[in-house]
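Everything below concerns the one structure shown next.
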Amino acid sequence: MNSKLQRLSETLERVLGVKPVAHVGELTVEVAAGRYLEAARTLRDHPELRFEQLIDLCGVDYLTYGDRPREGARFAAVLHLVSLTHNWRLRLRAFCADDEFPLLPSVVELWPGVNWFEREAFDLFGIVFEGHPDLRRILTDYGFVGHPFRKDFPISGYVEMRYDPEQRRVVYEPVTIEPREVTPRVVREEQYGTE
Amino acid sequence: MAEIRNYTVNLGPQHPAAHGVLRLVLELDGEVVQRADPHIGLLHRATEKLAESRTWIQSLPYMDRLDYISMMCSEHAYCMAMEKLCGIEVPIRAQYIRVMFDEITRILNHIFGVATLGLDLGAMTVFLYGFREREDLLDCYEAVSGARMHAAYYRPGGVYRDLPDRMPQYEAQHTRNARALAAMNANRQGSLLDFIDDFTTRFPKCVDDYETLLTENRIWKQRTVGVGVVSPEQAIGRGFTGPMLRGSGVEWDLRRKQPYEVYDRLDFDVVVGVNGDTYDRYLVRMDEMRQSNRIIKQCVDWLRANPGPVMTDNHKVAPPTRVDMKANMEELIHHFKLFTEGIHVPEGEAYAGVEGPKGEFGVYFISDGANKPYRMKLRSPAFTHLSAMDELARGHMLADAVAIISTLDIVFGEIDR
């Protein structure tokens, strides 16, 4: 860890009271859903942090992570922040408390640019952002049912669409294609190939 | 007296000025835009979800299909994020090649961006001029990868192969006489580097030509000056990056501020605008082409003098040579594992962003140690830029809404992903 990252890490620990995790030269801070909004505000406004730009917000579904039983919550929102003043980057992760109804406060008043990112996370993962002014679906079709990026949503979806010449309109039908996997997913056991 | 009501119109999804499949619902009061609501997702292919069911290397060509105007920059972010996770060092020659093609891509994109802005505003000539130079650059893509657009040339650990020693030439056809053919092939006699070198010497003159068509043109200025003004605070809060941010006078360029590859060794200026309007962003893009030209020239000089490997020798991510594979048991196993199972990326997460032509293009990976990414998130600059459409277009005339869509420099491949 270089000195700049060290300094940011120490500042974060002092200001937020959370120890950041350093990995491949990047810092990650995890906060609980209840502290998320307050932590985001501190990150933006604290003079020693000044993360005034939000680069990205995305949802993550940890349902099948590592193909092992899951500890902790299923859904999380991951934010990537940049400080133009200090030239710093930071990743902020907030887990949603309830797996059945994932809910987080919206940070749209802090960074107006997050508007569409939160709509996207709602559309694809079903994470509801409380206080968002316009939480509509954004990427999927009008009238789409379900949240397609959840791990339990099949990659081929549930419905397919075609033009019906008799009814002279587009109709939705259950999918006819079989799901297939060309290369299976493999997670190697620990110590693979090292004995 | 007749009752005057607001008027709602659909712009797109099939409209030449919509830059793809944008459906823009405009609420108009007379000809003044009261509200603009972009509907996106008509080109949504769920690239991020597809990547979860494909191996790390199989998803790489999808990157070309995101922003199909600046292909290699997206590949670059993908490779950098993977290299970060795997802890791979990229050979220095490959880094120079990547930087050179990043800048070629930037010129490709900016020519297209400026030319289509001109086309949308009724200045057709610059489009025709610009596409002449774009053709030469696409030939460079083709020479190096075999594909004019969807190159898949950057690979984790380096680039697919070294630069070719011979630039492909035009062949005889019954529509061309010998003299015309010789003229077309005049700058294609040597290697690819000779061709690019020749391009860098004539390109500044081409930019001058575009500028004579537009920069001082009265109609052009009337259509662009003061249209779509973004203040620096607005640009930062809205998450703008690239020319959209620099056009507003914020000096922020990842190539300079958080240099990746070999940008810290190269000499170039960061171009910054003043007023944050469409005209300033046009000027920023014009000047960035000149700066990219400078960088390409420096890369060409370095690449001529310094031969070397262009791919890492770590065979956990890069395939071994055919000769080694046939003669050596361990390399055979590596080859087999690589092409059946794919690369295993250590558990962890990484984000890598590059200063793409449109702004910061980032790739965020979560890996759980499998041969496929657990989650891939693509951060596309145009997505955030388009999200500000309502704010930018409000109070402008309908014709200016077209100029604003164009100045955002959007491509639907990467907005909808």
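Just so it is clear, the values below take in all heavy atoms, side chains as well, and ignore hydrogens, waters and symmetry mates. Quick note on labels: first sequence line is chain A, next is B, and so on, each numbered from 1.
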For [X] versus [Y], what's the shortest heavy-atom pair and its separation?
| X | Y | answer |
| --- | --- | --- |
| A/C58 | B/R375 | CB-NH2, 3.7 Å |
| B/I366 | A/Y62 | CD1-OH, 3.7 Å |
| B/G237 | A/P112 | O-CD, 3.4 Å |

Q. With a 4.5 Å heavy-atom cut-off, do A/T183 and B/T340 have their side chains touching?
A.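 The answer is no; the side chains never approach within 4.5 Å.
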Q.
Do B/H344 and A/V187 have side chains that approach each other closer than 4.5 Å (heavy atoms only, starting at C-beta)?
A.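 Not in contact.
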Q. Hey, mind stepping through B/R379 and A/E120 against salt bridge (Lys or Arg N to Asp or Glu O under 4.0 Å) and telling me if it holds?
A. CA-CA 12 Å; B/R379 192 270 175 196; A/E120 184 192 324; over 6 Å; no
So which part of [X] gets closer than 4.5 Å to some heavy atom of chain B, the side chain, the backbone, both or neither?
| X | result |
| --- | --- |
| A/E26 | side chain |
| A/V82 | side chain |
| A/V78 | side chain |
| A/T64 | both |
| A/R150 | backbone |
| A/R91 | side chain |
| A/L57 | backbone |
| A/L54 | backbone |
| A/E181 | side chain |
| A/R136 | side chain |

Please check: side-chain N/O of [X] versus main-chain N/O of [Y], any donor-acceptor pairing under 3.5 Å?
| X | Y | result |
| --- | --- | --- |
| B/K377 | A/G59 | no |
| B/D368 | A/Y65 | no |
| B/K49 | A/F153 | yes |
| B/Y364 | A/H80 | no |

(Q) Taking the basic N atoms (NZ, or NE/NH1/NH2) and the acidic carboxylate oxygens, is any pair closer than 4.0 Å for B/E52 and A/R185? (A)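 Salt bridge: no.
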Q | Per-residue contact mode, B/L254 against chain A (heavy atom under 4.5 angstrom) | A |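 Only the side chain of B/L254 comes within 4.5 Å of chain A.
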Distance, nearest 0.5 Å, that separates [atom1] of [X] from [atom2] of [Y]:
| X | Y | atom1 | atom2 | answer |
| --- | --- | --- | --- | --- |
| A/W116 | B/M389 | CH2 | CE | 9.5 Å |
| A/D56 | B/S380 | CG | OG | 9.0 Å |
| A/T85 | B/I236 | OG1 | CD1 | 7.5 Å |
| A/N115 | B/R238 | CG | CZ | 6.5 Å |
| B/I40 | A/L139 | CD1 | CG | 5.0 Å |

Tell me which of these, [options], has more heavy-atom pairs under 4.5 Å with chain B than the rest.
| options | result |
| --- | --- |
| A/V24, A/L124, A/N87 | A/N87 |
| A/D61, A/V114, A/V182, A/D134 | A/D61 |
| A/R93, A/R137, A/R119 | A/R93 |

[X] [atom1]: over 12 foreign heavy atoms closer than 6.0 Å:
| X | atom1 | answer |
| --- | --- | --- |
| A/R162 | CZ | yes |
| B/E391 | CD | yes |
| A/E173 | CD | yes |
| B/K316 | NZ | no |
| B/E251 | CD | no |
| B/E89 | CD | no |
| B/F336 | CZ | no |

Q) In terms of heavy-atom pairs under 4.5 Å, which option from B/G87, B/P38, B/A388, B/G342 contacts chain A the most? A)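 Counting heavy-atom pairs under 4.5 Å, the top option is B/P38.
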Q: Heavy atoms only, distances under 4.5 angstrom: which of B/Q58, B/H44, B/E349 has the most pairs with chain A? Name it, please.
A: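 The answer is B/E349.
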